[in-house]
Amino acid sequence: MTNFVELSIAKAINAGIRKAMQDNSKVLVFGEDVARLGGVFRVTEGLLDEFGDKRIFNSPIAESGIIGTAIGLAMRGYSPVAEIQFDGFIYPAFDQIVSQLAKLTNRSEGFVDMPVVIRVPFGGGIGAVEHHSESPEAYFAHTAGLRVISPSNANDAYWMIQQAIKSRDPVLFFEPKRRYWQKGQVNLDEPPQDMHSGRILRAGTDVTIATYGPMVVTALQAAEIAASEGRSIEVIDMRSMSPIDFGLIVESVRRTGRLVVAHEASTFVSISSEVAAKITELAFYHLEAPVLRVGGFDVPYPAAKLEEKFLPDADRILEAVDRVMAY
Amino acid sequence: MTASEKDIPMVQLLSPEGDFSVPSEYAGYAEFIKELREEDFLKFYRDMARIRRFDNEATALQRQGQMGLWVPAVGQEAAQIGSGHAVGPNDHIFPSYREHGVAITHGVDLMSIIKMFRGVNHGGWNPEETRFHLYAIVLGTQVLHATGYAMGLNFDGKVGTGNKDEDLAVITYFGDGSTAEGDVSEAFLFAATHKTPQVFFCQNNQWAISSQVESQTTVPLYLRGDGFGVPGIRVDGNDVLACYAVTKKHMDDARAGLGPSMIEAFTYRMGAHTTSDDPSKYRDETEYEMWKSRDPITRFEKFLRKQGIGDEFFAEVEAAGDQLATEIREATFALQEPSIESMFNHVYSEPHPLITEQLAWLKGYEASMGGHEGAPATEGDVNYGGAR
Ligand SMILES: Cc1ncc(C[n+]2csc(CCOP(=O)(O)OP(=O)(O)O)c2C)c(N)n1
């Protein structure tokens, strides 16, 4: 008998971290306000009472310090799970992430590994002030040595956080903050798949939409609307932005011949740029149309009153679907 | 008294009962109070009461869905109004995001602040005109900007010329939690080595969201700059006269070329961190009660009443507060929604092809969506197809 529970994405991540902390006494959780408060999104709520302040503690408000000390702790045999409070506050830690964390395994020729997880609530749609709605995943996917993933539903959230913690490599774990309260069934017994493979969430024959994180729900909505108009859309949850499961996308595009890639991040030099280039290379003879990208505009994330104009919605995805269908 | 208060010298000129007295070691600071006239005292009170009324109105507007977020400064009025009035009219101020009180001492239109937290724009005021620079949400970043600006004043020969009307200084505001950011330490070092005309004004309001100041530092914060060469002093942040006097002295010294210094204003965040925060999750009600007895506005009222200021004045201030609240409310309701163009404007100072292309695309797209303009499709309410 399989155990299923219904959890929100936030609670599923919480349960996943709890499980990882129970399974491995070397797992430590730290970051700004994660302990008593449980983080500003309550993702780590209750862990302090269960594990005590040697396993979960508040750090000073110093992101470079958070990641720098995570590196030292990893060298000492710990598995740090560091929280960056919001996407826009990861940049003070940029050097520690891209020049230190990402490179230590390579520089030590494998003598040092870096089982560090950096949890980052990311993306917009919550009406926040500046620096609280960004999608910085491409910076990290661009850096060799880092793994970059994002769950789109509670079951993946529960399992992918555990897989990330088990990984001997550094993992950037992007949490779709506007979907934190979206509920779903979680299978407590068996992981759905590994953390880097993508998944077809909806089968279709006319166009493939590949996306990840908070936009997965939006893509599914677009597919639903398109279906009502007699168009069959396949939706792929990429789940991982580095590495990318190109095989799955190629296989889908072989059937549909058309691909739209969507995310909240600005499109210039983005994850979708990479997918477009690579799929053009791998599936050139199967494509009926150029690969189109749908994303945020190449402007700073705007003030809250404008974010609905900035963020792609189902309409914007369908506009691109129209264009690929027109070829 | 909290643990961090014990045995730590702190400039206080007004007791919680509103009695003015000058400990001999702080006589130098008290000189600046002697220069003040009654109307200055009344101004301090008016501004503190005004900013609190504004703050409470902004919180109410947020609760009613008129603002995305509000960041209350309740409890910190003395630190902000006292220090703000000590800053010269041509000096420059680099705030964090809670300095609404400092803003009114420099004539910043309060609606600019409302607009930002309503989600209309990211600031958009002209810092060269107000001398009050943009709010900084990424903690500690503004402290380095202030230091760079102050270095520029040095290079421009605007410091220590002996001409009081010409010399300039910079003040920067940051919280106790922000002192942890590397940027703040780096700023101390740049400031000390360049001997910048600058005051580092740290409002220690005891909390950084849910982190108590004791968990962020083991040494009192006013000592933080010492090792870098920036001497510090602690002032009672709920005593508007002490905040004024200490800031005045240190800004004067900075302008005169005596170099940077740090002021730790010991105060309390009486409200939540922001309207998204629930302090009952992490802090004790009794602590609030203790600090309420030190309320900076009540304290100053007691002082003024002892000087013979009567009910009439306080009634007038209250009425002015009501008037302000009404004005702010009406102006908030009257705010225009930002245009699509405003999202693409000023991304660069010079034309950029990607911006031009994407703005044109979005305009065409919006036009093709017909009725959609002004009422963007939300996820639950997708109006797809009508326009196609
Ligand atoms: C670089 C950075 N990291 C994290 C945050 C999130 N954050 C916003 S306010 C805050 C606490 C700041 O405390 P303090 O400096 O004491 O100022 P206060 O809010 O109490 O005025 C935190 C952690 C941020 N804004 N910037």
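Chain A is the first sequence line, chain B the second, and so forth, proteins listed ahead of strands; every chain is numbered from 1.
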[X] atom [atom1], neighbour heavy-atom count above 12 within 6.0 Å:
{"X": "B:F190", "atom1": "CZ", "answer": "no"}
{"X": "B:H352", "atom1": "NE2", "answer": "yes"}
{"X": "A:K177", "atom1": "NZ", "answer": "yes"}
{"X": "A:H142", "atom1": "NE2", "answer": "no"}
{"X": "B:Q336", "atom1": "CD", "answer": "no"}

With only heavy atoms counted, which part of [X] is less than 4.5 Å from chain B, the side chain, the backbone, both or neither?
{"X": "A:E45", "answer": "side chain"}
{"X": "A:E63", "answer": "both"}
{"X": "A:S59", "answer": "backbone"}
{"X": "A:F268", "answer": "side chain"}

Applying a criterion of heavy atom separation less than 4.5 Å, what residues of residues 90-98 of chain A form contacts with chain B?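 Answer by number: A:P92.
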With only heavy atoms counted, which part of [X] is less than 4.5 Å from chain A, the side chain, the backbone, both or neither?
{"X": "B:T179", "result": "neither"}
{"X": "B:Q358", "result": "both"}
{"X": "B:L69", "result": "side chain"}
{"X": "B:I137", "result": "both"}
{"X": "B:S211", "result": "both"}

Do A:H131 side-chain atoms and B:A136 backbone N/O form a donor-acceptor pair below 3.5 Å?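 No, the answer is negative, given that no donor and acceptor are paired below the 3.5 Å cut-off.
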Pick from B:Y282, B:F344, B:Y348 with the largest number of heavy-atom pairs that fall under 4.5 Å of chain A: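 Of B:Y282, B:F344, B:Y348, B:F344 has the most heavy-atom pairs under 4.5 Å with chain A.
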Residue, of B:I355, B:L362, B:N121, that accumulates the most heavy atom pairs under 4.5 Å with chain A: B:L362
B:S215/A:N58 under side chain to side chain contact (heavy atoms under 4.5 Å, CB included): CA gap, chis, key distance, verdict: CA-CA 8 Å; B:S215 72; A:N58 286 348; 5.6 Å; no
Of A:R36, A:E130, A:R316, the largest count of non-hydrogen pairs under 4.5 angstrom with chain B goes to A:E130
For the interface with chain B, which of A:I126, A:L37, A:D298 has the highest count of heavy-atom pairs at distances below 4.5 Å? A:D298
Residues A:F297 and B:M343: closest non-hydrogen pair is CD1-CE, 3.9 Å
Using every non-hydrogen atom in the two residues, find where B:A180 and A:A62 come nearest and quote the distance to one decimal. O-CB, 3.4 Å
Partner residues of A:K305 under the side-chain contact (heavy atoms from CB on, under 4.5 Å) criterion, sequence neighbours left out: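 A:K305: side-chain contact (heavy atoms from CB on, under 4.5 Å) contacts with B:R118, B:V120, B:E337, B:P338.
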Side chains of [X] and [Y]: closer than 4.5 Å at any heavy-atom pair?
{"X": "A:F89", "Y": "B:L139", "answer": "no"}
{"X": "B:V347", "Y": "A:P300", "answer": "yes"}
{"X": "B:M369", "Y": "A:E319", "answer": "no"}

